[in-house]
Amino acid sequence: MTVIGCPRAEIASEMRARFAFRPREAWRHAFGWTLQETADRINEAGAGGKGAVAADASLVGKWEKWPGPSGRRPTIAVLAALSEMYECSIDQLLDLDDRKAMPETERRVLTRAMDRSTAANHPEPVSALRLESTGSQLLHIAAKESANWATWAEATNVGDIAVEQLMADARALSEDYLTGDPAHVFMETRKLRNRTFSLLQGRQHPRQTGDLYVVAGYLCAMLAWMSSDLGQLRYAETHGRTAWLCAELAGHTELSAWVLSTRSKTAFWDGRLRDAISHARCGSARRPQGTVAVLLASQEADAWAELGAIDEARSALARANDAREHIRGEDEIGGLFSCPEARRANYAAAVLTRAGDAHRALEEADHALQSQPAHSYGTSAQIHIARASAFLLLESPDGTADAVAPVLSLAPEHRLEPVMHRMRELSSTVARSCCSRARPAVRLREEIGAWCEATAPRLIALSPDRGSD
């Protein structure tokens, strides 16, 4: 439209009709300016003595969105500055929604100014508008502006009790995931995350916004962990990135550590073992409180062992033990986001099995099974698999079969992707072992093959599309 000579007013009008822009946003786009370029021009005009308005890109965007929930009302001085910059009349920067939301005193001032402008058949000079608001009327307008801003600043779409309830609901879901149907808990977690996201799109006090980011971050991290368990690593990584953004915006150390633990887990099962180690180390470097420090060191050990770096794996296990002895606080969420002794011992048993230390692996696995709380069915299943692997190292096919029997009895909806992966590893190890032709070994491989045909990821893949339910 610029190329063919259309005037700015016509371009702004077309922008509003085609893209549903607010009036002030349409005029900015008609000039082809970014929010920052517009703010810079406003500030330059103020520095040159033409006005007393200061702005940044965020503020310009809020002026454009008003009277929407995330907007900020532009004062008369702001409208005058924009009018001068865009070379248009103030009424071209306003629509019916603007006028309805505007304080009565300002609406009267603008109406009189624009009436005189229409009579003279030219846009109202900014100086005339400023002269209109003088004396006691100017003082009254200034006081109303302060009062209106205070009302805006005080408004919030969420109370402290509501934020506490969101966190309590997140804790409940984290606990439910340890024993419940993972697909069902995933859907409930998604609903709670969407509620939290919706609240963040409104207005609340800065402290409440920070608290909401913490809730949203934990919920996204939970969705990431669950997605990984259900075999969807790409989606898990997406949730993890969003969780990390929430943690950074909230400036919350514990949340950051749990997000890094979650991302380490995703990277591990995706075969990106160096990334898994890096995430775990970054989380430990933040010196978090609670049991996440134990889990991060354990995850690092697991990744080193998978790489075949046994010395590094043993060193990380020692750090996990040290972290267990020096826990400084309690877990904020608990449940899925906790690392009780059973979970630490599970990692230790798996690492020691890869290191070929069957006797110590059995000690850790037995210790894990006797520990309270037992943690989740997924952790328990992996402990049994570690025991089975240790018995295989001791060339005991009967002991291997007995150890893995509880896993074979798991309900299909509880057969998560990591457990399935470990079971396939066990089957491959059995096939390579010296007792591979023994009847218990052959039967075990057949049972594992049948078991892997009915798992949680497979059930979800075969289930009807639930859409947005």
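Since the model is a prediction, treat every value here as computed from it, not as a measurement.
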After noting the C-alpha distance and the side-chain angles of S338 and D331, does the key distance pass the side-chain hydrogen bond (donor to acceptor under 3.5 Å, both in side chains) rule? CA-CA 6 Å; S338 66; D331 295 316; 4.8 Å; no
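- One N or O on the side chain of R24 and one on the backbone of W63 form a donor-acceptor pair closer than 3.5 Å.
- Under a 4.0 Å N-O distance rule, the pair D98/R73 does not qualify as a salt bridge.
- A salt bridge links R286 to E248: at least one charged side-chain nitrogen sits closer than 4.0 Å to a carboxylate oxygen.
- Closest approach of M167 and V214 over heavy atoms only: CE-CG1, 3.8 Å.
- Inspection of the H252 and E332 side chains reveals an N or O donor paired with an N or O acceptor under 3.5 Å.
- Taking a cutoff of 4.0 Å between a charged side-chain nitrogen and a carboxylate oxygen, E188 and K191 qualify as a salt bridge.
- Minimum interatomic distance between S298 and R344 (heavy atoms only, all atoms of both residues): OG-CG, 4.0 Å.
- At a threshold of 4.5 Å between non-hydrogen side-chain atoms, the residues E25 and K65 do not count as touching.
- For the salt bridge (charged side-chain N to carboxylate O under 4.0 Å, His left out) criterion with E64, the lone passing option out of R22, R28, R16 is R28.
- Across all non-hydrogen atoms, the minimal contact from S174 to L336 is OG-N, 2.9 Å.
- Between Y86 and F31, the two ring planes are tilted [angle within 30° to 60°].
- The backbone N or O of R272 lies less than 3.5 Å from no partner atom in the side chain of D275, so there is not a single donor-acceptor pair.
- For the side chain to side chain contact (heavy atoms under 4.5 Å, CB included) test, residues two or more places apart in sequence or in another chain that qualify with A39 are Q36, A55, V60.
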